[in-house]
Structure formats: structure tokens, C-alpha cells
Amino acid sequence: MSGSVNRPVRRRTFVLGSAAAAGSAALAGPLATAASAAGFGYTDDGTHYVVDTGANLVFKVDKSNGDLSSLVYKGTEYQGYGGMNSHIESGLGSSTVSVKQSGSTILISVTHGTLKHYYAARSGENNIYLWTNKADTSVSATRYIVRVKKGLFLNDEPDSYTYTNSTVEASDVFAKSDGQTRSKHFSKRRVMDYDYIGWSAGGVGLWIVRSNHEKASGGPFYRSLLRHQSADGGGLYEILYYAQNQTEDQRFGLQGPYVIAFTDGGAPSSSLFPGTLTTSWADSLGIAGYVGASGRGRVAGVGITGRDTAYPYTVGLSNSAAQYWGSARASDGYYSIGGVLPGTYTLTVYKSELAVYSTQVTVSAGATTTLNSIAIPSSNDPSNASAIWRIGDWTGTPSGFKNADLMTYAHPSDSRAAAWTGNVVIGSGSETSAFPCYLWKDVNSGLLVYFKLTAAQAAAAHTLRIGVTTAYANGRPQIAVNDWTSAIPSPPTQPSTRSLTNGSYRGNNHTFTYSVPASAWLTDTGQYNVLKINVVSGSGAASYLSAGTSIDAIDLLA
């Protein structure tokens, strides 16, 4: 690595942010008197449309392919990583690019086959508003990448590999000399947990403020790469559809706006955040697929009963065309989800990330659909079942299990991870924290759980449940209790891509149930029964890429 990469300067970094974190910051917000900004306008230099926002930002869009080829803020060029521009995916290639100015707004339109992409600038703002309308699969994935010159924003965060080039998996997971791992996949956050992503250093902040993701896929708990940093430069991402560990089909249509925002080092204005940003100024620009506020509706619910108040609840709306979500109020379960396209949706209530209720709801333009209080049936929450013992709790996540928190921003081989092996004794008081969040065929299959039963319990058959949140290579648990062995269960539908090694446990929640006969138990109540959990599959590679699964909860029902 060069000295410029390792120098200990300009390393103050804002990784992610939310509306609460931004507070009253307004450094990049829309200006009330935008049209008065001096110098606002565009020129054509023959190969680019050059836009001066009339503030401190000048940017260029290539007329041949729609790439963002220059980002100059306060006289400094920020665009440029590995000789590549900023663009959709790896660049669209030959495209039709046009520009128009309408009062205080400049719109650049890019057409590449069936895909349409837009850049908008507002007078006096240091922001670029972007929309992308993808009509089909002619462009494989859909992500916008802002490529940033090296040396401007240095960091050593989990999604950085500035200080290492030693790979531990594929070409995108790296290890430092101290055994800590780095990858662009290690973003830590679910999509519902952040509003913006970027860096701040030297009195400059560069951010992407995400869109509302209404045409994205994966729901509120989806995890994906958000940014990366290396010796060559950095990348900021708006992921509109990414097939990695995806649980839903791709949605098509207009997505946006998402915003490239420059500030004087602070967070971007909360007025740009999804759910807050208003774009009435774009209503008449002719953006394909654009639906203004008047063409949208709202869903509001007066409350949710039957909740476990130890956990947050989220309400999601989804159909094949769009997705939305909102948090239920902790005190009573009230929720409100606005900006919804008209249509009929499946409304799902999640306890943490576990679906515990669903119904259908219809949304109309310009109207609010008000729902009466939702009562979650007790039987819908598996935590309500009476259990002899339980490891973890039913949340749809591996929260509380050994290494669970680390695995959202590190590889399982990371030096900070506790040993993946080790058996568990019921009644020890540390059952959950001692049980590994992930099980692999090659790494820790055959883990043992020791437990005692009373005479009455040992005289009856019982159901044992293992909840999982995802699986890799069809990995699933087969159990043995003392001398009794279960059948091999069928694998549930799960994403086919990597998950456990690139920061995500999010797949399709599934519960395996095993009917254990009374003859399986030891009759001596002073002895420990032994549960053995094996991971079985005919697929997978080796080590941490062998067949594996993520654990939600394990219990033996009374």
C-alpha cells in the first residue's frame, strides 16, 4: 500500500445515518429561494452536458452513455475510481441522452433500450436527484454506483479493504494481518436502519440518500452492500435490485428519487430522507413512471394487540409491484405508512423479523385506508407455546446467539469470533450465548445439547422445534436424541447465493419440527439426555462455504 493510503489523516467517517441521527442538519436541503442562485444552468461541451447548480457543485453527464463523469464540489474533483465513471451497474453503454431546463430545475434523461435513467439539479442546491426506471431484465441487477477518487475519504470500517489485499473468500472478502475481515458486503445495516450512506472528512460530506425502495425487493430487513473503500478509491451504492441473498422476485418500474448530496461535513438534510422528501417540482418533468403525491394513498392502523412488548414490531405492505413498511408505536402498536401506490397489498406484522400476522388491504389514490386494531392470535407467535426448555427466542433472527452481532459485519473466520464449536447444557444460564448462531456441515455439525427431564416428561412424546432464518446450499438440521435419530427433513426454499459469509442471516424463516417418541428419552431422571444436531446436505463446498444454516430458536415443547 502507498503512503497516501496509510497516512493517519482525514479519517473522520460517518458510515450510515437515520432521521434521528441527522437532527436539525440542513446543509444539503432544498432551498426555498432556489431560482435566485447565481450561475445556475447547463452547457454542452460537445461530449458532456455540464450542469452548474449555482451553489458549489458542477457535474458532467456523458452524452454517449449517461455516465456521471465529473463531480466537482468547491473546486475539487470527487468522481473517479479505477478509471471508471459513476453509473448504473458497470455502465449502460450506448444510450440516448437529452437535457432540458424548466425554471429552477435541469433534467438530464438517459435511455438505454427499455431502461430510463434521470439526473435532476435544482438551482442553489448541492444535490443531484436520480431516478431509474427498469422495465425488464435486459439490465441484470440495478444499482447505482458513485465512484470516488482515492485519498479523499479514508477509513478502516468493516466495509473497507483499504489496508489489506489478502482474500479469504472469492475476490471480495479480505483479511487484515490481525485476522479481522473486511468486505464491501459488511454494511451492518438492514435497509430500514439507514437513510443515507457516505463519508465526511476535511469539511466535506459526500452522501447517497436512499430512495423509499418501493420498487426494490427483499423487504425492510434486507441487507446489501452500501459502500466500499479501497486503495483505488471508494464506492457509494443505491441498491435497487441486487440478487445476492434475495428472497423476492424483482420488481419493475420507476425507483427514486435517491440523492447524491454534498455538505460542509455534516449529515445531509433530513428533508431529503425517504418519507420526508417532497418532489412536487418534479411532477411536470415527464419522468416515465412518475407518480406524484396526489396519486398515492396511506394506510393507518389504530393499534396492534397481542404484542410482546420486549420487541419492536414492523408493519409491511407488499405485492408484486411495490413494497413499503413502517414501525408500530411501542406504546400501542399504532402505525402509518404513506406514499403508497394504489393497489391491493398483503399487510404483514413482524415481531422483530418474524411474521406473526397477515391480511389484505386496498389502497386508493388520495385516500387513507384506516384499519381497526389488529389482534395477533396467541398461536401465531411460537414463543407463546409452553416449552420444557428453549434456546433463544422466536424473533426471525439469530439475536443473542454466539457471534450473532459480529456476523453482520465480519466473516465467520474473523479473529474476533468466538469458537464455533462447544456444547450446551440446559439450565446453565448461558444456553443462548453459548450456542453458535450458525451451523455448518464442515465446521460445527454434531453440536450437543444436554438436558434433564422429569419422570412425567420422560413418559411422553414431545415435539422439538428448530427455527432457522436462512440456509446455504440446502443445509438443514437432522437431529438425534440419545439412540433415536430423526428422518432427514426436506430443505425449505432459501436464496441460492452466499449469505452466512457476507453479512446476512436474512432468508426465509422456517421451522423444522421433530416428533420425538417417549421411547427416545432416558428413564433415569438423574442423567442428561443428549440432543445432537447435524447439518445435512449433498451440496456446498468446504469450511464456511459448506452447507449451513442460521438459527432463530430451538425448543422442546411440553
Side-chain angles (χ1 to χ4, degrees), residues 1 5 11 13-17 78-91 140-176 179-191 193-194 196-201 206-210 213 216 218 221-246 258 260 406-414 416 472 495 497-506 544-545:
M1 295 293 174
V5 171
R11 290 183 57 198
T13 301
F14 289 78
V15 182
L16 298 161
Y78 284 82
Q79 152 58 41
Y81 170 88
M84 295 181 285
N85 294 326
S86 301
H87 42 52
I88 295 290
E89 280 301 290
S90 298
S140 57
T142 319
R143 59 181 177 178
Y144 193 89
I145 308 174
V146 178
R147 302 186 186 274
V148 182
K149 291 178 66 174
K150 65 181 180 181
L152 295 173
F153 302 102
L154 301 180
N155 70 81
D156 187 24
E157 298 293 328
D159 53 8
S160 163
Y161 37 102
T162 302
Y163 302 105
T164 177
N165 58 9
S166 175
T167 57
V168 296
E169 182 178 295
S171 60
D172 57 7
V173 182
F174 301 84
K176 294 176 60 179
Q180 291 192 17
T181 53
R182 300 287 187 265
S183 175
K184 63 183 179 181
H185 296 289
F186 296 159
S187 62
K188 295 186 179 183
R189 299 294 190 268
R190 307 168 300 177
V191 67
D193 295 332
Y194 75 97
Y196 58 92
I197 178 70
W199 302 288
S200 176
L206 173 54
W207 318 96
I208 280 188
V209 183
R210 72 167 176 87
H213 281 221
F221 314 126
Y222 184 63
R223 297 175 186 269
S224 189
L225 64 162
L226 302 180
R227 68 172 198 174
H228 80 268
Q229 181 76 235
S230 76
D232 297 324
L236 300 179
Y237 300 87
E238 165 71 341
I239 300 295
L240 303 175
Y241 179 77
Y242 196 57
Q244 189 82 35
N245 204 40
Q246 186 56 255
Y258 47 106
I260 301 171
L406 179 66
M407 287 301 97
T408 62
Y409 61 93
H411 189 268
S413 65
D414 194 286
R416 292 166 292 179
Y472 177 68
T497 58
R498 289 178 298 161
S499 54
L500 306 181
T501 59
N502 66 5
S504 179
Y505 57 76
R506 179 76 270 130
Y544 297 109
L545 288 178

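FYI, the numbering just counts along the sequence from 1.
- A donor-acceptor pair is defined here as one N or O able to donate and one able to accept, closer than 3.5 Å; no such pair exists between the side chain of S230 and the backbone of Y161.
- Here the side chains of L545 and R498 are in contact, with some heavy-atom distance below 4.5 Å.
- Listed for the R223 side chain is a donor-acceptor partner under 3.5 Å among the backbone atoms of K188.
- Separating the OH atom in Y241 from the OG atom in S140 is a distance of 10.0 Å, to the nearest 0.5 Å.
- In this structure, R227 contributes its side chain and G198 its backbone to a donor-acceptor pair below 3.5 Å.
- Using cut-offs of 30° and 60° on the angle between ring planes, the pair Y81 and H228 is perpendicular.
- Without hydrogens or angle criteria, E169 side chain to F174 main chain gives no donor-acceptor distance under 3.5 Å.
- Annotation for S499 and N245: closest pair CB-OD1, 3.1 Å, computed over non-hydrogen atoms.
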Pair I208, V146 - check side-chain contact (heavy atoms from CB on, under 4.5 Å), show working. CA-CA 8 Å; I208 280 188; V146 178; 3.6 Å; yes
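- Between R143 and E89 there is a salt bridge, with a side-chain nitrogen of the basic residue lying less than 4.0 Å from a carboxylate oxygen of the acidic one.
- Taking both residues in full, the closest heavy atoms of R210 and E238 are given as CB-OE1, 3.5 Å, listed atom of the first, atom of the second, then distance.
- Side-chain N or O atoms of Q180 include none that pairs as donor or acceptor with a backbone N or O of R416 at under 3.5 Å.
- T162 and Q229 share no donor-acceptor pair across their side chains, judged by distance under 3.5 Å alone.
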Would you check, one step at a time, whether the test side-chain contact (heavy atoms from CB on, under 4.5 Å) holds for L206 with I260? CA-CA 7 Å; L206 173 54; I260 301 171; 4.0 Å; yes
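- Side chain of R182 to main chain of E157: a donor-acceptor pair is present (N/O by atom type, distance under 3.5 Å, no hydrogens or angles).
- The OG atom of S504 sits 11.0 Å away from atom NE2 of H185, with the distance rounded to the nearest 0.5 Å.
- Using cut-offs of 30° and 60° for the angle between ring planes, the W207 and Y196 rings count as perpendicular.
- When each of T164, D414, D156 is tested with K176 by the rule side-chain hydrogen bond (donor to acceptor under 3.5 Å, both in side chains), just one qualifies, namely D156.
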Between I239 and L225, is a side-chain contact (heavy atoms from CB on, under 4.5 Å) present by the stated rule, with each step listed? CA-CA 8 Å; I239 300 295; L225 64 162; 4.1 Å; yes
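- The shortest non-hydrogen separation linking T408 to Y505 is CG2-CE2, 4.1 Å.
- Taking the side chain as every heavy atom from C-beta outward, T181 and S413 approach each other to under 4.5 Å.
- Between the S187 side chain and the S224 main chain, a donor and an acceptor come within less than 3.5 Å of each other.
- The shortest non-hydrogen separation linking T501 to H411 is O-CD2, 3.6 Å.
- For the pair W199 and V148, the minimum side-chain heavy-atom distance is below 4.5 Å.
- In this structure, R147 contributes its side chain and N85 its backbone to a donor-acceptor pair below 3.5 Å.
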Show the numbers, then the answer: is there a side-chain contact (heavy atoms from CB on, under 4.5 Å) between Y144 and L240? CA-CA 8 Å; Y144 193 89; L240 303 175; 5.8 Å; no
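- Not one N or O on the side chain of R190 forms a donor-acceptor pair closer than 3.5 Å with the backbone of R506.
- Taking the side chain as every heavy atom from C-beta outward, K184 and Y237 approach each other to under 4.5 Å.
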